[in-house]
Protein chains: 2
Amino acid sequence: MAAIETPAEPLAIGEVAERTGLTVHALRFYEREGLLVGPIQRTAGGRRRYTTLDVDWLQICVKLRESGMPLADLKRFAELVRHGRGNEAERLRLLDAHRQRVDAQIQALEECRSVITWKVGVYAEHLARGEADGLWAPTPEPRTQGLSGGSASDRP
Amino acid sequence: MAAIETPAEPLAIGEVAERTGLTVHALRFYEREGLLVGPIQRTAGGRRRYTTLDVDWLQICVKLRESGMPLADLKRFAELVRHGRGNEAERLRLLDAHRQRVDAQIQALEECRSVITWKVGVYAEHLARGEADGLWAPTPEPRTQGLSGGSASDRP
DNA sequence: CTACGATCTAGAGCGAGGTCTAGATCAAGT
DNA sequence: ACTTGATCTAGACCTCGCTCTAGATCGTAG
């Protein structure tokens, strides 16, 4: 139990692609863009060898990207981590700001969801009753602007 | 109270931009792309006049876009509505499919959120204790791959 | 040795979703 | 009439985030 340093065995780019869900192209792209923390090791022949720590970081990247963090922020974060000790406060700020954005996003999505659900309900009801007129009619009389002959308040 | 047909007074594009949050450019773009249900009325001079129903539809569009519906789907939906009665089942399907995507998205975001929250917690703790080493250290010894001398399991 | 598949680099290309420009026209205030 | 600001059209342009060549090289199985 002396040193747990060795990250199992290093992985080739294809294997990393499989376990992160990124394409090999994206992996190389991320690297070029400086989104990775450390330089990726290479074999004598020049092939990339990813350690499990590299993969861990990539998995975080995937999560952050999924939740809408722009590559620029991801890059900034990677830079902070790469630079090492002393900037943890900034890392914290970055992550926390992102978390707030995620919260806002969840809120917004939930609102959308309820709007949609309500609308689905409206359609379902009309379908069930076999009558589906008066729902967002295609403005049959452009000149008078009279819409579908119904109250125009709740049709969207 | 005979007919509530008249949608108050028609709005100019700038006013619609204000109340939908879209730019005037985007509004014209949406129109060109066929994302609107009816043709927008024009003044004698050729300026667009939006009815409140147009604005309602645009607000729905905004919600659907916010929740990630691609323009292509929005267009399809607009086409269905424009075409009128008889395709309500398809509209329902479209909306419902989208709602499912939104649900999945919320799920994913919540997962991301918890990952981030946990990570924020880790940083906060380290900051509080004034010691911030061993967190995603910048792989100081590329040759041995020894990382920061800590257990490599929970540092991301 | 020979194949064959996985990787390599540099750089071009792409789709989505707008955004902006140019130059003209409209409408309202003074 | 003149000025000012909002709108008009057509079309070029932009950012983001990959994705895909092309042509060479590596490495392993037969």
Side-chain angles (χ1 to χ4, degrees), chain A residues 9-36 39-51 54-55 57-78 98 101 105 108 112, chain B residues 9-36 39-51 54-55 57-78 98 101 105 108 112:
Chain A
E9 74 223 54
L11 300 169
I13 196 170
E15 296 167 312
V16 176
E18 267 176 31
R19 41 205 94 179
T20 58
L22 297 164
T23 66
V24 292
H25 298 294
L27 284 169
R28 292 195 277 246
F29 169 71
Y30 277 24
E31 186 175 342
R32 251 186 293 163
E33 294 294 294
L35 303 177
L36 273 43
I40 300 297
Q41 303 294 311
R42 301 288 185 123
T43 65
R47 271 80 205 280
R48 291 171 179 83
R49 312 264 80 192
Y50 293 80
T51 68
D54 295 327
V55 176
W57 171 255
L58 280 166
Q59 264 151 1
I60 298 253
C61 286
V62 168
K63 280 287 166 222
L64 292 173
R65 287 286 307 123
E66 262 178 22
S67 52
M69 182 182 281
L71 293 190
D73 289 15
L74 208 39
K75 178 170 183 175
R76 178 81 188 121
F77 191 28
H98 182 60
R101 267 175 283 144
Q105 219 182 138
C112 295
Chain B
E9 73 222 56
L11 300 169
I13 196 169
E15 297 167 312
V16 176
E18 268 178 30
R19 43 206 92 179
T20 58
L22 297 165
T23 67
V24 294
H25 298 294
L27 283 169
R28 292 195 275 248
F29 170 70
Y30 276 25
E31 186 176 340
R32 252 186 292 164
E33 295 294 296
L35 269 38
L36 273 43
I40 299 297
Q41 303 295 310
R42 300 291 184 120
T43 66
R47 270 82 205 279
R48 292 170 178 83
R49 311 263 82 191
Y50 294 81
T51 67
D54 295 328
V55 176
W57 172 255
L58 280 166
Q59 266 151 359
I60 297 253
C61 286
V62 167
K63 280 286 164 222
L64 292 173
R65 287 289 305 124
E66 262 179 22
S67 51
M69 182 181 281
L71 292 191
D73 289 16
L74 208 39
K75 179 171 181 173
R76 178 80 187 121
F77 191 28
H98 182 60
R101 267 175 282 144
Q105 220 183 135
C112 295

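Quick note: numbers below take in every heavy atom, side chains included, and nothing from hydrogens, waters or symmetry partners. Chain identifiers are assigned alphabetically (A, B, ...) following the order of the sequence lines, protein sequences preceding nucleic acid strands; residue numbering begins at 1 within each chain. Remember, it's a predicted structure, so these values are computed and weren't measured experimentally.
Scored by the salt bridge (Lys or Arg N to Asp or Glu O under 4.0 Å) test, B:R48 finds B:E31 as partners (sequence neighbours excluded). A search for side-chain hydrogen bond (donor to acceptor under 3.5 Å, both in side chains) contacts involving B:R47 returns nothing, not counting sequence neighbours. In this view, B:V24 and B:I13, B:A17, B:R28 satisfy the side chain to side chain contact (heavy atoms under 4.5 Å, CB included) rule, not counting sequence neighbours.
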Pick out the pairs of N or O atoms, protein on one side and nucleotides 28-30 of chain D on the other, that lie under 3.5 Å.
none

Expected list for residues 62-74 of chain A: side-chain donor-acceptor pairs under 3.5 angstrom, two or more places apart:
from, atom 1, to, atom 2, distance (Å)
A:K63, NZ, B:E111, OE2, 3.0
A:R65, NH1, A:M69, O, 2.5
A:S67, OG, A:K63, O, 2.9
A:S67, OG, A:L64, O, 2.9
A:S67, OG, A:H98, NE2, 2.9

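Axis angle, first five pairs versus last five pairs of the helix from C:dC1-D:dG30 to C:dT30-D:dA1: 0°, rounded to 10°.
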Base contacts versus sugar-phosphate-only contacts with protein, heavy atoms under 4.0 Å: please encode nucleotides 9-17 of chain C as B, S and - from 5' to 3'. B-B-----S
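The side chain of B:T43 contributes an N or O atom lying less than 4.0 Å from OP1 or OP2 of C:dA27.
Nucleic acid contact for B:A44: none, since no nucleic acid atom lies under 4.0 Å from a heavy atom of the residue.
Applying the salt bridge (Lys or Arg N to Asp or Glu O under 4.0 Å) definition to pairs two or more places apart or across chains, none involves residues 11-23 of chain A.
Note: CD (A:E66) to P (D:dC18) measures 11 Å, nearest angstrom.
If you check residues 13-22 of chain B against DNA chain D, the residues with a heavy atom closer than 4.0 Å are B:I13, B:G14, listed by number.
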